[in-house]
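Excluded from the calculations below are hydrogen atoms, water molecules and symmetry mates; all remaining heavy atoms, backbone and side chain alike, are included.
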Amino acid sequence: MFSAFSGTVPLVGRSELLGTLEEILRRGEVYGACVHGATGTGKSAMARHLLTLLQGEFVPFLVTPAATLGSIPYGALTPFLVDATAEDMASPLSVLRRVLAFFRTRAGGRPVIVLVDDAHLLDDDSSHLLSQLATSRIVRLAAFTRTTPSSSDELASLCRDGLLERFEVGPLDYAGAHELCVRVLGAGVVRGTSDWLCDEASGNPLFLKSVLDEALLTGSLSKPDGIWTLAPRTVTVPRALEDLVRATRLELDGTEQVAFDVVALNGMAAFADLATISSEAAVAGLMNRGLIRSVPDHPAFAQHTSSLYARITRGLTPVGRSVSLFGLLTERTAPALPVPPPARVQHGLWSLDCGMPLPDEALLELSRVALTLPDPAAALKLAGAVRSGRSRVAASLCRAEALLELADVEGARLVSAGLLEAAGSPEEVTAAGVLEARLLLAEGRGAQVMESALVRWGHALRALGSADPDALTRSDDALTVTRASVLNLTGRYSEAVDALQPILAVGGGTARVVVEARILLAEALGGLGRSSEALQQSERALAGLLTAPAPDLYRQGFLRRLALLVHAGDFRGAERVLRGYDPGAPRDYAFMGGPLTVLDAAIDVGRGRFGSALATLRPALASLRTSDRDGMLAYALGLAAWAGAALDEGALVREYCRELDDVQHGGGRQYALLARGFCAAARHLLGPDAGTPALVDLAEEARAHGWPRCEKTILELAMWLGDDRCASRLAEVAATLEGPEAAVVHAYASAAAAGDADTMAAAGDRAEMLEKYPLATDAGRRAVALFAEAGDVRSQRTLAGAVRRRRALVDGGVPVEAATVEPAAPLTAREREIALLALHGSSNREIADRLTVSTRTVEGHLYRIYAKLGISRREELTPELGPLLETG
């Protein structure tokens with residue numbers, strides 16, 4: 001493991017590029033390669049990695065020019081000119097001969113590769129000489145440069161002419177950043193934490209390592225229960241990065257500094273405006289240095305390449321200069337371009353920092369925009385600057401929502417007190433009612449309290465009297481949708497369907513209400529086992545969010561769609577959806593590290609990959625203990641207990657079950673019942689003291705509530721634990737559910753109830769295709785036993801290999817081990833010996849020669865062996881019989 005306090009930055013996320021560079025240098029079809037990228041992207045580490053990698057086959061040399069040598073002719077090549085005289089240095093040809101002599105002496109006839117780190121610091125003479133050597137095929141060249149070379153640069157000319165392959169090394173993606181964090185910290189890094197750190201460092205490996213160091217030093221990054229978590233999710237800017245930004249700004253001329261600072265202070269700025277307040281050359285210079293870039297979705301605007309540069313620059317800029325630049329930008333800005341929402345919000349914050357207050361209407365509008373980004377910290381500051389008492393309710397609603405997004409539930413409760421009654425319009429009543437419902441969910445309050453809040457909402461609407469009828473209708477629709485969310489939480493899915501369908505049938509309501517209604521309808525239909533309809537509604541809801549973005553609804557819709565697929569046993573579909581998660585920016589790190597991670601682990605549990613599931617769940621549990629807005633903690637504890645039991649982690653199982661008993665569950669009741677089912681199964685697997693009757697009771701509870709999907713899962717656990725009395729009930733409930741997985745479970749349970757070996761074997765095959773490996777293994781084991789009862793040795797033998805293969809796909813212990821097939825009569829020692837030789841490909845003659853017997857004797861033994869094994873020819877001696885033959 002790398003030390004987080006060393007200067008070493010692990011080289012991660014560059015394997016593909018390194019492989020390409022190695023191939024280019026080995027092939028020699030071009031003169032070499034030129035790799036460019038921003039400071040800290042790992043270019044130096046890549047150069048040193050190639051230096052080690054290419055040793056032996058080549059003679060590699062590393063050139064490390066320095067800024068102090070930039071004015072000295074051939075300064076970067078000094079190590080190759082140790083034998084040069086003053087007379088030699090006066091002639092470029094003599095210098096070239098000395099360098100050639102150096103390489104020939106050291107290389108001993110092997111090819112030479114020159115790796116140049118920080119090639120942008122090369123003096124002109126060194127650059128020219130290296131280009132000569134490369135174009136003469138005397139050396140192969142790999143140059144790593146911080147900035148795009150200028151038009152007069154020798155290396156740039158080689159790149160333009162296609163003589164050097166040109167590559168750009170960019171920031172790490174989230175997977176690369178997670179790997180770096182794990183390499184630095186060790187296992188147990190919460191995915192939301194590594195994603196936050198990646199964004200904080202803009203994916204720059206050096207910056208990320210520096211931020212990690214700072215977080216460890218200040219205690220922002222801690223390891224409770226062996227899991228690295230970041231709380232609070234703010235880290236002091238590392239001093240080293242502050243110094244880097246200071247040094248970078250000092251390298252800029254006056255006009256470049258103006259553009260650099262304006263982009264930082266305003267978040268982003270139009271290229272046209274930057275050119276007006278500075279110059280086109282200044283903007284181009286910043287682009288060439290890799291300090292600014294165009295905004296991906298708004299190419300007419302510029303932003304800093306690293307958000308840390310912007311954050312640090314804002315802190316370094318004196319107030320007087322900030323005010324002056326604000327005035328300069330405001331005076332020169334051309335109003336033609338629509339300004340992206342993040343830039344509008346940051347401009348409003350900059351205005352407040354400069355002591356230039358905005359009208360209350362503008363502050364409220366910007367606060368609402370910030371909430372949709374979502375940028376709750378900015379929304380809180382903007383709403384807090386509202387001065388007029390007339391706007392108190394609207395401002396308080398924005399502040400409370402921002403505090404809730406920042407996980408300050410207590411603060412949000414204080415700010416929101418009395419807002420429902422003080423609201424003066426249907427829109428404010430709706431906002432206050434939705435906020436109250438979200439607060440109650442975050443507080444884990446019961447359904448009865450939420451029903452009371454909905455009654456208050458209705459009273460507040462009626463108190464408005466003669467307000468706009470259309471607005472009242474829209475608010476009433478929002479009230480109905482919120483009431484449906486309460487019905488779903490309590491598992492009253494049929495009532496939720498009845499409440500939501502009229503809203504969608506009429507086609508009225510706001511875009512937000514329609515989307516939320518579809519999300520909740522999908523959840524209710526899924527709870528009733530109507531998976532196909534549920535997925536259709538879910539897909540339409542997410543499609544609606546493409547035209548009317550709402551980050552909080554995207555979170556709800558995505559989570560529910562993923563849960564639908566997981567609980568319907570469509571693991572491949574769930575994985576595709578999970579990979580496609582794109583929340584935009586800023587990202588909801590708690591959501592990614594908690595609820596999404598739990599459902600990711602649930603996919604592994606369904607496949608029987610318990611080790612992977614438990615490794616995923618432990619960081620997720622740490623995240624959910626901090627923030628559980630979606631009520632997933634209980635479900636996660638149940639999954640973790642079940643995975644732990646399969647891995648024989650008794651202490652862990654007891655710990656999770658105890659925690660589940662004490663946790664205040666704020667999510668759906670069906671999830672809570674599933675959690676209890678997993679814990680009951682885990683306890684039984686470790687030691688059947690409670691027995692599976694506890695699972696049968698829980699399944700009965702699910703049936704009483706009308707939760708067929710939940711009942712099916714619990715009965716399936718009981719069957720897997722060996723309670724065949726549940727077979728008829730499981731077949732009955734599975735028959736009411738939609739989807740391929742339900743059909744497989746129905747066939748499996750029906751076959752168990754009827755003792756039908758062929759149907760059971762077919763169910764196992766179909767379960768394996770769906771990647772339900774635990775059920776596939778159990779179905780195969782049961783089919784083998786049924787074939788044995790019928791005396792069908794051949795079918796036993798055919799299926800036994802498949803059972804062993806499936807058993808190998810299940811990670812962890814299973815209640816009943818994979819089936820074995822005993823021959824009709826035991827094989828003798830000589831028969832086992834002959835059978836194994838035949839299995840491994842020996843001919844009858846080869847077996848006879850080895851055992852010093854006649855070929856006819858071998859044939860007689862094989863005839864008896866085939867009869868005992870229930871086969872008829874040598875080709876049926878397949879590898880899965882190996883364990884049986886070895887043990888007799």
Side-chain angles (χ1 to χ4, degrees), residues 1-4 6-28 30-58 60-65 113-121 140-149 155 159 164-187 189 191 194-195 197-213 241 244 289-291 293 296 305-308 579:
M1 185 196 305
F2 288 87
S3 167
S6 73
T8 306
V9 180
L11 181 59
V12 299
R14 309 301 186 203
S15 57
E16 184 177 350
L17 177 54
L18 283 167
T20 302
L21 291 172
E22 183 186 356
E23 182 182 357
I24 286 172
L25 294 172
R26 290 186 188 281
R27 226 178 36 232
V30 293
Y31 299 149
C34 181
V35 179
H36 73 91
T39 299
T41 49
K43 300 183 300 299
S44 296
M46 291 174 65
R48 284 160 176 76
H49 179 84
L50 285 172
L51 182 71
T52 303
L53 187 69
L54 297 171
Q55 292 279 3
E57 181 181 351
F58 299 90
F61 295 94
L62 181 64
V63 177
T64 55
I113 290 179
V114 177
L115 306 158
V116 186
D117 191 16
D118 287 336
H120 54 281
L121 298 178
R140 295 175 197 173
L141 184 63
F144 298 82
T145 177
R146 189 179 67 189
T147 57
T148 303
L155 298 180
C159 289
L164 287 182
E165 291 263 12
R166 186 172 178 273
F167 300 93
E168 181 175 5
V169 56
L172 295 175
D173 58 16
Y174 290 107
H178 186 74
E179 182 184 350
L180 189 148
C181 290
V182 171
R183 295 275 296 277
V184 170
L185 301 170
V189 180
R191 190 57 186 258
S194 65
D195 283 1
L197 290 165
C198 180
D199 283 339
E200 180 74 358
S202 299
N204 185 295
L206 179 63
F207 295 0
L208 177 54
K209 176 62 167 56
S210 184
V211 171
L212 274 173
D213 290 348
L241 293 185
L244 175 62
R289 287 181 174 87
L291 297 175
R293 63 178 180 182
T305 305
S306 169
S307 60
L308 271 177
R579 284 196 300 269

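Residue Cys198 comes nearest to Asp173 through the heavy atom pair SG-O, 4.1 Å, listed as atom of the first residue, atom of the second, then distance. Cys34 approaches Cys159 most closely through the heavy-atom pair CB-SG, 3.5 Å. The two atoms that bring His178 and Val189 nearest to each other are CE1-O, 3.3 Å, heavy atoms only. Contact between Val116 and Pro65 at its shortest, heavy atoms only, is CG1-CD, 4.2 Å. Minimum interatomic distance between Gly32 and Leu25 (heavy atoms only, all atoms of both residues): CA-CD2, 4.2 Å. Contact between Leu62 and Ala47 at its shortest, heavy atoms only, is CD1-CB, 4.2 Å.
Between the OH atom of Tyr31 and the CG atom of Leu141 there is a distance of 12.0 Å, given to the nearest 0.5 Å. In this structure, Thr145 OG1 and Arg166 CZ are separated by 9.5 Å, a value rounded to the nearest 0.5 Å. The distance from the CG atom of Leu115 to the OG1 atom of Thr64 is 11.5 Å, given to the nearest 0.5 Å. Of the inter-residue distances, the one linking Ser306 atom OG with Leu241 atom CG reads 8.0 Å to the nearest 0.5 angstrom.
A 4.5 Å side-chain heavy-atom check between Asn204 and Thr41 finds at least one atom pair inside the cut-off. Side-chain contact between Leu208 and Val184 is absent, with no heavy-atom pair separated by less than 4.5 Å. Between Leu21 and Met46, some side-chain heavy-atom pair lies under the 4.5 Å cut-off. Taking 4.5 Å as the limit, some side-chain heavy atom of Arg14 sits within range of a side-chain heavy atom of Leu172. Two residues are said to be in side-chain contact when any heavy atoms from C-beta on lie closer than 4.5 Å; Leu180 and Leu197 fail this criterion. Inter-residue side-chain proximity for Cys181 and Leu212 is flagged as met; some heavy-atom pair is nearer than 4.5 Å.
With sequence neighbours excluded, no residue forms a ring-ring contact (aromatic ring centres under 6.0 Å, His included) with Phe167. For Glu16, there are no salt bridge (charged side-chain N to carboxylate O under 4.0 Å, His left out) partners at least two apart in sequence or on another chain.
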Atom pairs and distances, side-chain donor-acceptor, residues 49-58, under 3.5 Å, sequence neighbours left out:
from	atom 1	to	atom 2	distance (Å)
Thr52	OG1	Arg48	O	3.3
Glu57	OE1	Arg26	NH1	2.0
Glu57	OE2	Arg26	NH1	3.4

Is there a side-chain contact (heavy atoms from CB on, under 4.5 Å) between Ser202 and Thr305? Walk through the geometry before answering. CA-CA 8 Å; Ser202 299; Thr305 305; over 6 Å; no

task: Check the pair Val30, Arg140 against side-chain contact (heavy atoms from CB on, under 4.5 Å), reporting the backbone distance first and the verdict last.
output: CA-CA 8 Å; Val30 293; Arg140 295 175 197 173; over 6 Å; no

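Formation of a donor-acceptor pair under 3.5 Å by the Lys43 side chain with backbone atoms of Val35 is not found in this model.
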